[in-house]
Each structure stands twice: as C-alpha cells, then as structure tokens.
There are 2 protein chains.
Amino acid sequence: MTQQTEPARRTPLNRDRVLRAAVALADRAGIEALSMRSLAHELDVVPMALYKHVANKKQLLDGMVDVIVGEIDPPAGDADWKSAIRRRVLSARRALLRHSWASRVIESRTSPTPGVLDYLNSIIGMFRAGGLSADLTHHAMHALGSRVWGFTQELFPASPGPAPADADPQALAALLGEMAARYPHIVEIVLARPHDGESVVGQGCDDQFEFEFALDLLLDGFERLHRQGWTSAERF
Amino acid sequence: MTQQTEPARRTPLNRDRVLRAAVALADRAGIEALSMRSLAHELDVVPMALYKHVANKKQLLDGMVDVIVGEIDPPAGDADWKSAIRRRVLSARRALLRHSWASRVIESRTSPTPGVLDYLNSIIGMFRAGGLSADLTHHAMHALGSRVWGFTQELFPASPGPAPADADPQALAALLGEMAARYPHIVEIVLARPHDGESVVGQGCDDQFEFEFALDLLLDGFERLHRQGWTSAERF
DNA sequence: ACCGCCGGTGTACGCCGTACACCTTTACGG
DNA sequence: CCGTAAAGGTGTACGGCGTACACCGGCGGT
C-alpha cells in the first residue's frame with residue numbers, strides 16, 4: 001500500500017501555526033513555561049523543527065506580540081480624537097488582558113516589530129487628525145508610554161507578603177498590624193476604597209478604574225495644552 | 001609555619017559584599033551577563049558559595065534593587081508637596097540612570113522588598129502631608145505607576161531597524177524613505193524636534209524632558225483634582 | 001579536648017537555546 | 001519519467017544556566 005495507515009500525514013507546520021500554538025501555550029501554562037522544547041512537544045515535533053519556521057526564540061516572542069497586536073480593534077472613524085484614542089487604547093487593554101503574559105513580553109522586546117509600528121503609527125495619526133501639532137503629539141506619546149498598550153507597571157504586583165488565601169485570619173491580622181506600624185501610609189492607601197466593602201484587606205484595586213483615571217488625566221492634559229497652543233519651545 | 005604564606009586569608013564574603021559585587025558586575029557587563037556563576041567568578045569563589053549569603057537568584061536581584069533604592073535621596077522637608085515629590089522622583093530617576101539595568105529588574109520583580117516599601121510609603125506620606133485625601137493619593141500612585149521610580153517604558157527602545165551607527169548614509173536615507181512611506185506619522189513625530197538640529201535622523205529624544213513633561217502633567221492634574229475636592233465616588 | 005557551626009568546595013542533575021549533519025518527502029524542469 | 005534540489009522534520013551534541021546535596025576545614029565556646 002502506498003498510503004500510510006498512520007493517521008494520514010501531519011499537516012505540516014508553518015510560521016502561523018507555530019505562533020498560534022505558542023500564544024495558546026503561554027495563555028495556558030504561563031510565559032515562563034514556554035520554551036522551544038515545550039512548544040515543540042505541544043506540536044508533536046522535535047525542538048529543532050521549530051527553527052525551520054522562526055529564526056530563534058526572540059523572533060518567536062516578537063511574532064507572538066504581533067499576533068496579540070493583531071487582536072486590537074481597528075480605529076473607529078467617528079468621534080473626536082480624544083474618545084477615539086481612548087477607545088482604541090482600551091481595546092488594546094482588552095487584548096492584553098486576554099493574554100496576561102503579553103505586557104511583560106512587550107516590555108522586554110528590544111526592537112519593534114512591523115505590527116507594533118503599524119499600531120503606533122495609527123495612534124499617532126489619530127492625534128494628528130485631531131489637530132494636535134507634531135510637537136505636542138511627540139511628547140504625548142512619550143507621556144503615555146506603555147499606556148498606549150493599555151497597561152501600567154503595577155507597583156504592588158500582588159498584595160505584599162504571602163498570598164492572602166492562606167493561614168488563619170489571626171496571623172493575617174497580626175501581619176496587617178506589623179505592616180501598619182512600619183508602612184502606615186501604604187496601609188492607609190490600600191484600604192482607601194471610598195465606602196462599601198470593608199473587607200480586612202482591600203481585596204485589591206479596581207485596575208480598570210485606575211487605568212482609565214490615569215488615561216483620562218493625561219488625555220485631558222493633552223487637550224488643555226492643545227487648546228492653549230502649547231509648544232515645547234516655551235520651556236526653553 | 002602555622003601562618004599560610006598565601007596572601008593571608010580572603011576576607012570572608014557577606015551578603016553586602018555579594019550584593020555590591022553584583023551591582024558592579026551588572027553595571028559593567030549588563031544584567032544579562034550576571035549569572036550566579038559569573039558573579040562567583042568575580043568574587044574568586046565557587047558558585048555555590050553565594051548560596052550561603054543569598055537564598056537564590058531572585059533574592060539576589062531583590063537585594064540589588066534595595067541597594068539602588070538606597071541611593072535615592074531622602075525627602076527634603078521644605079517646599080510644597082508637589083515640588084518635594086517632583087524632586088524625590090527625579091532623584092530616583094538619577095539613581096536608576098546610574099544603573100541602566102535597574103528599571104528592567106524593578107519591573108520584573110514579583111514581590112516588593114522592604115526598601116521598595118519604605119520608598120513607596122514615604123512618597124505616599126508626602127502626598128498625604130500635602131493634604132491630598134487618601135482616596136486621591138491612592139489613584140495618584142496608580143497613575144504614576146513606574147514613574148515613581150523615574151522611568152517610563154520606552155516605546156522605541158532604540159531607533160527602529162539596524163543600529164544607526166553603521167552602513168553608508170545612502171542606504172540609511174533609503175531606509176528612512178521606506179519608513180516614511182509605511183509609517184508616515186511615526187517618522188513625522190520622530191523628526192519633530194522644534195527648531196535646531198536637523199540631522200537626518202532625530203538623534204533620539206530628550207528623555208529627561210519627556211520624563212518631566214509627563215510627570216508635571218500628572219502632578220498638575222493631581223493638584224487640580226485636589227483643589228476641586230475630587231473623590232472617586234463622583235464617577236459612580 | 002571536644003563538638004558544632006559557619007563558610008567555602010565539588011559533583012551532579014535537569015533544564016535551556018541552538019549549531020550542525022542528516023534523512024525523507026515533495027515539486028518540478030528536462 | 002526521471003533526476004535533482006529544495007523544504008521540512010530528526011538526532012545528537014555543546015555550552016550555559018540555577019541549584020540540590022554531601023562534604024570538609026577551621027574557629028569559638030564549653
């Protein structure tokens with residue numbers, strides 16, 4: 001028989017399948033569990049096979065970034081520049097939140113990929129279309145920083161100390177006491193959720209609110225500067 | 001002779017010497033060249049010796065962060081909250097700029113060290129001393145994000161494409177042309193330095209200016225919200 | 001005189017990324 | 001129809017990493 005009885009022939013790999021599998025694996029097992037070997041195993045292939053489709057691991061990560069960037073909604077034509085940019089950035093945020101590893105990978109990339117450049121180019125274009133000067137737009141992009149991607153560096157990646165979901169509440173309260181003695185301002189701030197829930201530990205912050213708060217503060221600032229015809233030459 | 005003729009006995013290691021050597025090595029050779037092995041070699045010691053002084057590499061990096069945080073100037077008592085915070089943050093920036101790897105390490109740390117907590121606590125205290133509510137301060141800290149450390153995620157870590165210090169200007173100009181065709185807005189922005197130097201490629205941005213621009217935009221925003229008695233409950 | 005501990009050693013394990021030579025399958029031009 | 005060359009997958013191997021674990025010399029305290 002010329003046909004192999006084996007379950008047909010594996011459909012051959014290609015760059016796209018590799019990238020998608022990498023994204024899926026990182027989603028499921030975490031970015032630190034993504035190695036060329038583990039990815040190859042996932043694809044039922046020997047590690048070196050991957051190198052026929054991506055040059056090296058850096059390029060793999062770059063490709064994964066572009067996959068995620070491709071999930072960001074295209075700009076919506078209507079609306080003023082401010083809310084158009086706001087919407088787009090929040091869309092980027094949703095994409096990044098779907099892949100919790102993505103922000104860390106974007107941070108660590110050392111040279112921009114075409115997809116990244118496309119996105120940045122288009123955001124800049126939205127500022128310009130809104131009438132902001134190239135000068136102001138330049139500084140606005142810097143001011144946004146990683147916020148154009150919809151994320152901010154978390155100051156407290158998790159609650160400090162051991163995970164909150166362990167140990168008896170006795171010890172937990174004691175720990176909070178220690179914290180309050182040593183870092184009174186931090187504790188006060190962490191507990192500062194205006195009214196409602198008075199759970200002992202502030203159950204974390206509303207990240208979405210925090211993000212929009214800062215984003216709006218910046219966008220409003222840009223708008224104000226734009227209206228008053230600001231140029232960077234003013235501060236000689 | 002009971003005395004060894006060898007150059008006496010090596011003064012024994014301790015945690016502090018290890019951390020300082022690690023910082024020095026990272027400064028000199030880059031953070032990616034810092035391994036337990038290379039650090040041990042630097043200290044004329046076998047790799048495993050380090051583990052008598054730091055639990056593992058994560059803790060080594062945490063310790064290095066605390067060394068850098070220790071370089072940040074203490075708060076200066078005089079002056080209003082805004083300029084006091086401004087000064088402190090810019091001092092943090094100077095410390096981080098002295099150790100170019102530090103921002104990346106701070107970003108990647110997963111749980112805060114005592115030194116980090118001290119610093120954040122004191123910044124928060126400065127907001128509170130200025131009269132800002134715990135609520136507003138909370139959001140202000142989030143809005144600052146990594147900017148309390150004096151750095152911002154760079155959008156273009158270097159100029160895109162190959163390093164600028166190579167190849168003939170002919171090819172470089174052609175590359176710029178391609179860029180301008182594909183990413184017109186980016187190119188316009190990059191070249192938008194108000195008057196002076198008209199070098200072909202914008203020779204990079206004035207990072208210090210960009211940082212202060214964004215920092216002041218945020219601080220001014222906080223001040224405005226403070227003056228008008230803003231609380232987060234407003235946006236129900 | 002002894003013991004215990006502290007700091008430094010040596011060996012080894014299991015990961016990692018990837019260079020390189022090899023083999024199979026497929027596509028195509030003569 | 002065949003020969004060949006490319007494309008895609010394999011196997012082996014190397015050097016590097018973090019670190020577990022057993023060990024050992026010398027010093028201080030009893």
Side-chain angles (χ1 to χ4, degrees), chain A residues 1-23 25-26 28-65 101 104-105 108-111, chain B residues 1-23 25-26 28-65 101 104-105 108-111:
Chain A
M1 50 182 76
T2 64
Q3 297 249 82
Q4 52 274 66
T5 61
E6 302 294 320
R9 193 110 201 95
R10 248 203 334 267
T11 74
L13 246 41
N14 60 45
R15 186 180 158 86
D16 210 64
R17 287 221 309 136
V18 169
L19 294 182
R20 291 185 184 289
V23 167
L25 180 54
R28 180 158 31 83
I31 192 67
E32 71 287 341
L34 174 75
S35 68
M36 297 303 271
R37 287 167 146 93
S38 64
L39 176 56
H41 180 78
E42 190 78 5
L43 290 164
D44 262 321
V45 120
V46 95
M48 287 310 294
L50 300 177
Y51 288 86
K52 292 289 189 306
H53 305 282
V54 296
N56 50 45
K57 191 171 183 185
K58 277 178 115 134
Q59 210 169 94
L60 173 72
L61 291 170
D62 281 347
M64 293 170 68
V65 167
W101 46 271
R104 261 163 301 158
V105 174
S108 70
R109 272 348 21 232
T110 180
S111 66
Chain B
M1 50 178 75
T2 64
Q3 296 250 82
Q4 53 274 63
T5 61
E6 303 294 321
R9 192 113 201 93
R10 247 201 335 266
T11 74
L13 246 41
N14 59 46
R15 186 180 158 87
D16 210 64
R17 286 221 309 136
V18 170
L19 293 183
R20 291 186 184 289
V23 167
L25 180 54
R28 178 158 33 83
I31 192 68
E32 70 289 341
L34 174 73
S35 68
M36 297 302 272
R37 287 167 146 93
S38 64
L39 177 56
H41 181 77
E42 190 79 5
L43 290 163
D44 261 321
V45 119
V46 96
M48 287 310 294
L50 300 177
Y51 287 86
K52 293 289 180 321
H53 305 283
V54 296
N56 50 46
K57 190 171 183 184
K58 277 177 115 137
Q59 211 168 93
L60 174 72
L61 292 170
D62 282 348
M64 294 169 68
V65 167
W101 46 272
R104 262 165 299 158
V105 174
S108 70
R109 265 8 357 244
T110 180
S111 65

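Below, chain A is the first sequence line, B the second, and so on; all start at residue 1.
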S.K.: To the nearest angstrom, how far is B:Asn56 atom CG from D:dT19 atom P?
M.R.: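 Between P of D:dT19 and CG of B:Asn56: 5 Å.
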
S.K.: Using the side-chain heavy atoms of B:Tyr51, tell me which of these nucleotides is nearest: D:dT10, D:dG18, D:dG9.
M.R.: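 Out of D:dT10, D:dG18, D:dG9, the nucleotide with an atom closest to B:Tyr51's side chain is D:dG18.
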
S.K.: Could you state the NZ-C1' distance from A:Lys52 to C:dA21, rounded to the nearest angstrom?
M.R.: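 Computing the A:Lys52:NZ to C:dA21:C1' distance gives 10 Å.
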
S.K.: How many whole angstroms separate atom CG of B:Leu60 from atom C1' of D:dT19?
M.R.: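 From B:Leu60 CG to D:dT19 C1': 14 Å.
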
S.K.: Return yes if the base of D:dG18 and the side-chain atoms of B:Arg37 contain a donor-acceptor N/O pair under 3.5 Å, otherwise no.
M.R.: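 It does, because a donor-acceptor pair links the side chain of B:Arg37 to the base of D:dG18 below 3.5 Å.
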
S.K.: Checking contacts here: which listed nucleotide (D:dT19, D:dC17, D:dG8) is nearest the side-chain heavy atoms of B:Ser35?
M.R.: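 Taking heavy atoms from C-beta onward, the closest nucleotide is D:dC17.
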
S.K.: Roughly, in whole Å, what's the span from CG in A:Leu13 to C1' in D:dG9?
M.R.: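 The distance from CG of A:Leu13 to C1' of D:dG9 comes to 9 Å, rounded to the nearest Å.
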
S.K.: Measure from the side-chain heavy atoms of A:Pro12 and tell me the nearest of C:dG8, D:dG8, D:dC17.
M.R.: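 Nearest to the side-chain atoms of A:Pro12, counting from C-beta on, is D:dG8.
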
S.K.: Taking for each residue the nucleotide of DNA chain C with the nearest heavy atom, is it A:Pro47 or B:Asn14 whose nucleotide lies nearer the 5' end?
M.R.: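 Mapping each residue to its closest nucleotide by heavy atoms, the 5'-most match is B:Asn14.
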
S.K.: Take A:Asp62 and A:Lys58 through the test salt bridge (charged side-chain N to carboxylate O under 4.0 Å, His left out) and record every step on the way to the result.
M.R.: CA-CA 6 Å; A:Asp62 281 347; A:Lys58 277 178 115 134; over 6 Å; no

S.K.: Can you measure A:Met36 atom CE to C:dA19 atom P for me and round it to whole angstrom units?
M.R.: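 In whole Å, C:dA19 P and A:Met36 CE are 10 Å from each other.
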
S.K.: B:Met48 CE to C:dC6 C1': how many Å, rounded?
M.R.: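 Checked: the CE to C1' distance equals 15 Å.
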
S.K.: So B:Lys57, base contact, sugar-phosphate only, or nothing? Heavy-atom distance under 4.0 Å.
M.R.: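 Sugar-phosphate contact only - B:Lys57 comes under 4.0 Å of backbone atoms but never of a base.
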
S.K.: Any non-hydrogen side-chain atom of B:Val65 less than 4.5 Å from a side-chain atom of B:Arg109?
M.R.: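 They are in contact (side-chain heavy atoms under 4.5 Å apart), so the answer is yes.
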
S.K.: To the nearest Å, give me how far apart CZ (A:Arg17) and P (D:dG8) are.
M.R.: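 One finds 13 Å between P of D:dG8 and CZ of A:Arg17, rounded.
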
S.K.: Roughly how far, to the nearest 0.5 Å, is CD1 of B:Ile31 from CG of B:Leu25?
M.R.: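 If I round to the nearest 0.5 Å, the distance is 8.5 Å.
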
S.K.: The side chain of A:Val45 is closest to which nucleotide in this list: C:dT18, C:dG8, D:dT10?
M.R.: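 Nearest to the side chain of A:Val45 among the choices is D:dT10.
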
S.K.: Using a cut-off of less than 4.0 Å, is there contact between a side-chain N or O of B:His53 and OP1 or OP2 of C:dC6?
M.R.: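 No, B:His53 has no side-chain N/O under 4.0 Å of OP1/OP2 on C:dC6.
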
S.K.: Roughly how far, to the nearest 0.5 Å, is CG of A:Leu61 from CG of A:Leu19?
M.R.: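 With rounding to 0.5 Å, CG (A:Leu19) is 10.0 Å from CG (A:Leu61).
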
S.K.: Give the C-alpha distance, both sets of side-chain angles, the deciding distance and a yes or no for side chain to side chain contact (heavy atoms under 4.5 Å, CB included) between B:Met36 and B:Val54.
M.R.: CA-CA 10 Å; B:Met36 297 302 272; B:Val54 296; 4.2 Å; yes

S.K.: In whole angstrom, give the distance that lies between atom CD1 of A:Ile31 and atom P of C:dC16.
M.R.: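 Taking CD1 of A:Ile31 and P of C:dC16, I get 13 Å after rounding.
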
